[in-house]
Amino acid sequence: MSVFTHLVAELGRLLEPVLAQSATAAAIVLFTVLVRLALHPLSRAAFRGATPAAGCLPVLLQLPVFFVMYHAFSSAEVGGKANELLGHRLFAAPLGSRWTDALGEGGLFGAQGLVFLGLFAAITVVAAWSAVRGRRTAAAAAAVAAAAAAAPAKAGAPKKPGARAGAGAGVMAEVSAEQQEVMRKLGGVLPLLSFGTLITAAVVPLAAGLYLVTTTAWSVAERAWLQYRKERAEQRSEQRADQPVDGGVRSSL
């Protein structure tokens with residue numbers, strides 16, 4: 001943990017001329033971004049469904065980082081010395097304080113309370129964005145499953161070169177009505193779990209809350225970007241598949 005403390009402290013010193021007392025808070029955000037950049041290849045593999053374990057690895061690998069962050073801003077001493085990180089703040093709120101501490105130092109709308117309200121507002125926005133995207137993705141998946149199940153099986157139907165949906169359609173066609181109903185219900189419930197971050201942020205130190213909101217925002221933005229790139233790649237693939245046909249028509253004219 002002392003290595004982590006030293007790293008965050010050094011990043012804070014680099015940012016201190018610009019951000020003053022909030023430099024360490026910015027260092028935590030920067031540190032979180034560096035962690036997520038390191039995990040980006042795993043996140044891409046998880047998005048593409050390369051392996052079943054790939055989807056869990058980015059989350060599991062962040063747990064030690066989160067726990068180190070939690071203990072670093074909960075311990076009065078680090079390595080037998082006073083923890084220098086506890087003296088740093090985000091505006092009026094110490095990075096080691098919790099929401100209950102802020103309520104006791106001026107109430108909900110006190111100087112420290114407003115910092116936590118800003119944190120909660122940021123988490124709510126990210127969670128709402130994640131929930132909306134999750135519902136849309138679940139609805140699209142359920143629609144594809146229903147359409148595949150309703151479509152008659154076509155034995156020996158020709159496939160387009162490079163098409164990858166054939167195997168998926170065969171699997172989706174076997175989805176029963178009960179399974180489709182389960183998918184629909186999960187699609188309505190799972191996106192709401194992102195709001196659970198609010199509860200966690202209310203009981204952990206402010207520094208850990210900053211880590212949570214940063215990594216959650218990164219996850220949602222990263223998935224949106226990967227989905228955008230996937231859709232663009234599919235569009236380009238369809239355009240390339242149609243080009244020979246179009247060229248043949250134009251040459252005959």
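Hydrogens, waters and symmetry mates play no part in the numbers below; they use all other heavy atoms, side chains included. What you see is a predicted model, and the numbers here were worked out from it, not measured in a lab.
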Subject >> W218/T32 under side chain to side chain contact (heavy atoms under 4.5 Å, CB included): CA gap, chis, key distance, verdict >> reply: CA-CA 9 Å; W218 180 283; T32 309; over 6 Å; no
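- In terms of modelled atom types and a separation under 3.5 Å, the side chain of N83 and the main chain of A72 share a donor-acceptor contact.
- Considering every non-hydrogen atom in both L39 and P58, the closest pair reads CD1-O, 3.7 Å.
- The CG atom of L212 sits 9.5 Å away from atom CD of Q62, with the distance rounded to the nearest 0.5 Å.
- Note that CD1 of I199 is 11.0 Å distant from CD1 of I123, once rounded to the nearest 0.5 Å.
- Residues L15 and L34 fall into different hydrophobic clusters, defined by Ile, Leu, Val, Met, Phe, Trp and Tyr side chains chained together at heavy-atom separations under 4.5 Å.
- Residue-environment remark: CD (Q21) stays at or below the threshold of 12 foreign heavy atoms within 6.0 Å.
- In this structure, CG on L103 lies 13.5 Å from CZ on R98, to the nearest 0.5 angstrom.
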**OP:** Decide yes or no on salt bridge (Lys or Arg N to Asp or Glu O under 4.0 Å) for R13 and E16, but give the supporting numbers first.
**Re:** CA-CA 5 Å; R13 290 189 184 96; E16 191 172 2; over 6 Å; no
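- In this structure, CG on L119 lies 11.0 Å from CH2 on W99, to the nearest 0.5 angstrom.
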**OP:** Step by step, work out the side chain to side chain contact (heavy atoms under 4.5 Å, CB included) result for L95 and I28.
**Re:** CA-CA 10 Å; L95 291 175; I28 292 171; 4.2 Å; yes
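- F116 contributes atom CZ, which lies 4.5 Å from atom CG of L206 (distance to the nearest 0.5 angstrom).
- Side-chain N/O atoms of Q235 and Q239 include no donor and acceptor closer than 3.5 Å.
- Criterion: ILVMFWY side-chain heavy atoms under 4.5 Å apart, direct or through other members. Under it, V132 and Y228 are not part of a common hydrophobic cluster.
- Under the 4.5 Å side-chain heavy-atom criterion for Ile, Leu, Val, Met, Phe, Trp and Tyr, V203 and L210 are members of the same hydrophobic cluster.
- Judged purely by atom type and a 3.5 angstrom limit, S219 uses its side chain to pair as donor or acceptor with the backbone of T215.
- Hydrophobic clustering places V204 together with V35 (ILVMFWY residues linked when any side-chain heavy atoms are closer than 4.5 Å, directly or through intermediates).
- Annotation for L86 and G96: closest pair CD2-CA, 4.2 Å, computed over non-hydrogen atoms.
- Atom OG1 of T100 is separated from atom CD of E105 by 10.5 Å, given to the nearest 0.5 angstrom.
- Here the shortest heavy-atom pairing between G113 and A102 reads N-CB, 3.9 Å.
- F66 and Y211 have tilted rings, their planes meeting at an angle from 30° to 60° on a 0 to 90° scale.
- F31 places a side-chain heavy atom less than 4.5 Å from the side chain of V65.
- The closest side-chain heavy-atom distance from M69 to P205 is not below 4.5 Å.
- Both F91 and V213 belong to a common hydrophobic cluster when Ile, Leu, Val, Met, Phe, Trp and Tyr are linked at side-chain heavy-atom distances under 4.5 angstrom.
- Side chains of R223 and S43: a donor-acceptor N/O pair is absent below 3.5 angstrom, by distance only.
- The heavy-atom pair separating F120 from L198 by the smallest distance is O-CD2, 3.5 Å.
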**OP:** Kindly indicate, with the supporting measurements, whether the criterion side chain to side chain contact (heavy atoms under 4.5 Å, CB included) is fulfilled by H40 and R36.
**Re:** CA-CA 6 Å; H40 180 66; R36 294 312 307 263; over 6 Å; no
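- Scanning all heavy atoms of the two residues, the minimum distance from A92 to Q112 falls at O-CG, 3.4 Å.
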**OP:** Please step through side chain to side chain contact (heavy atoms under 4.5 Å, CB included) for the pair L85 and T24, ending with a clear verdict.
**Re:** CA-CA 8 Å; L85 294 178; T24 301; 4.2 Å; yes
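- Between A131 and F195, the shortest heavy-atom distance links the atoms CB-CE1, 4.0 Å.
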